[in-house]
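The structure under discussion appears below in the form of structure tokens.
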Amino acid sequence: KFNRLKNPDRIFPGQTIRIPVDLLKAVPADAAVTFLKGDVKVQPGGSDRFTQLNLKDRVRQGSRIRTGDDGTVEITFDDGSTFFQRPNTDLGLATVEQKGNIQYTNKVLVETGKVVTKIRSATGKESRFEVQTPSSTGVARGTEFRTSVDTDGATRVEVLEGLVAVSGAKTEIAVKEGEGTTVRSGEAPAPATRLLLPPPITNFQPLLMD
């Protein structure tokens with residue numbers, strides 16, 4: 001039907017057939033460690049223990065990443081999207097899938113801590129990135145936003161660029177660039193509000209190395 005074939009039971013050698021991406025089977029992918037500092041451990045899916053994560057390691061779907069007091073790590077997916085995990089953050093890679101090197105679905109679960117996400121710009125149904133927390137879900141395509149989860153389970157989402165759909169308690173709101181929202185467990189997202197402007201840097205001095 002998509003190729004407007006008069007007889008779908010007859011195709012020939014050399015004939016070009018277009019297959020919609022949505023019909024392709026998603027296959028598990030992985031991601032790479034592109035920056036790492038301090039105490040960062042990984043628990044592969046199916047394992048019951050954490051081991052030290054290293055630069056250039058590959059992490060697969062189902063893995064759990066945990067940063068210590070001085071730990072930070074950047075994970076880069078094959079589509080160019082990244083997330084930067086701050087200290088004392090517990091995070092899981094629930095879904096890392098691709099369809100024919102075109103469409104990617106990345107789902108990250110943030111239990112506690114802070115994560116900065118940068119998503120490759122995409123159009124249509126391409127490249128879906130989802131950040132879930134105990135109280136909310138943030139979905140975006142082509143944007144940069146911060147997600148933090150407090151010890152009481154409250155989630156804060158701050159959008160630095162683009163647009164993020166944030167949902168909680170079966171209610172969804174759109175958070176635009178320069179806005180933020182808070183979602184508490186069992187409650188709908190608070191109305192989006194403007195973020196404070198960054199403080200101006202004065203008397204900036206260049207760093208001199210011996």
Side-chain angles (χ1 to χ4, degrees), residues 20-22 26 29 31 61-67 72-99 102-200:
V21 174
D22 289 344
Q61 177 175 284
S63 297
R64 193 180 193 89
I65 303 172
R66 182 176 292 169
T67 53
T72 55
V73 63
E74 180 186 63
I75 303 295
T76 301
F77 298 90
D78 288 340
D79 68 342
S81 299
T82 67
F83 68 81
F84 188 81
Q85 188 170 333
R86 304 291 298 275
N88 297 314
T89 298
D90 196 340
L91 175 149
L93 297 180
T95 305
V96 184
E97 295 179 340
Q98 67 183 69
K99 292 184 177 182
I102 299 174
Q103 181 171 326
Y104 293 81
T105 302
N106 302 319
K107 183 185 294 184
V108 175
L109 306 179
V110 183
E111 295 293 337
T112 57
K114 298 180 180 180
V115 174
V116 179
T117 310
K118 294 183 180 181
I119 305 170
R120 180 184 65 87
S121 180
T123 58
K125 296 182 179 180
E126 296 179 3
S127 194
R128 175 186 174 94
F129 203 112
E130 184 173 312
V131 177
Q132 289 189 351
T133 74
S135 57
S136 74
T137 298
V139 179
R141 295 182 177 89
T143 187
E144 179 178 354
F145 65 103
R146 297 186 292 241
T147 304
S148 65
V149 183
D150 297 340
T151 55
D152 61 357
T155 299
R156 288 174 173 79
V157 179
E158 299 174 344
V159 181
L160 307 179
E161 181 180 323
L163 179 72
V164 177
V166 179
S167 61
K170 299 182 179 181
T171 302
E172 180 177 287
I173 67 170
V175 184
K176 302 176 182 177
E177 181 174 322
E179 293 181 342
T181 184
T182 300
V183 188
R184 301 190 182 280
S185 181
E187 299 181 6
T193 58
R194 295 296 301 176
L195 299 176
L196 296 176
L197 294 175

Applying side-chain hydrogen bond (donor to acceptor under 3.5 Å, both in side chains) to Glu130 and not counting sequence neighbours gives Arg128, Gln132

Contacts of Pro87 meeting side-chain contact (heavy atoms from CB on, under 4.5 Å) (sequence neighbours excluded), chain-then-number -> Thr72

So CG of Leu109 and OG1 of Thr137: to nearest 0.5 Å the spacing works out to 9.0 Å

By side-chain hydrogen bond (donor to acceptor under 3.5 Å, both in side chains), Ser135 pairs with (sequence neighbours left out) Thr155

Can you give me every donor-acceptor pair (side chain of residues 171-180, partner residue at least two apart or in another chain, under 3.5 Å) with its distance?
from   : atom 1 : to     : atom 2 : distance (Å)
Thr171 : OG1    : Ala169 : O      : 3.4
Glu177 : OE1    : Gly162 : N      : 3.3
Glu179 : OE1    : Lys176 : N      : 3.0

Residue set satisfying side-chain contact (heavy atoms from CB on, under 4.5 Å) with Arg66, at least two apart, ordered chain then number -> Phe50, Arg64, Asp90

Is Thr67 reaching over with its side chain to a backbone N or O of Asn88, donor-acceptor style, under 3.5 angstrom? yes

(request) Could you give me the CA-CA distance, side-chain angles and deciding distance for Phe77 and Phe129, then say whether ring pair (Phe, Tyr, Trp, His ring centres under 6.0 Å) is met? (result) CA-CA 11 Å; Phe77 298 90; Phe129 203 112; 5.6 Å; yes

Hits for salt bridge (charged side-chain N to carboxylate O under 4.0 Å, His left out) against Glu74, two or more places apart or cross-chain, chain-then-number order -> none

Give a yes or no answer on whether the side chain of Thr89 reaches the backbone of Lys114 with a donor-acceptor pair at less than 3.5 Å.
yes

Rounded to the nearest 0.5 angstrom, the CD1-CG distance for Ile75 and Asn106 is 11.5 Å

Residues passing the side-chain hydrogen bond (donor to acceptor under 3.5 Å, both in side chains) test with Asp150, sequence neighbours excluded, are Arg156

Thr76 meets the side-chain hydrogen bond (donor to acceptor under 3.5 Å, both in side chains) criterion, sequence neighbours left out, with Thr34

Applying side-chain contact (heavy atoms from CB on, under 4.5 Å) to Ala26 and not counting sequence neighbours gives Glu97, Lys99

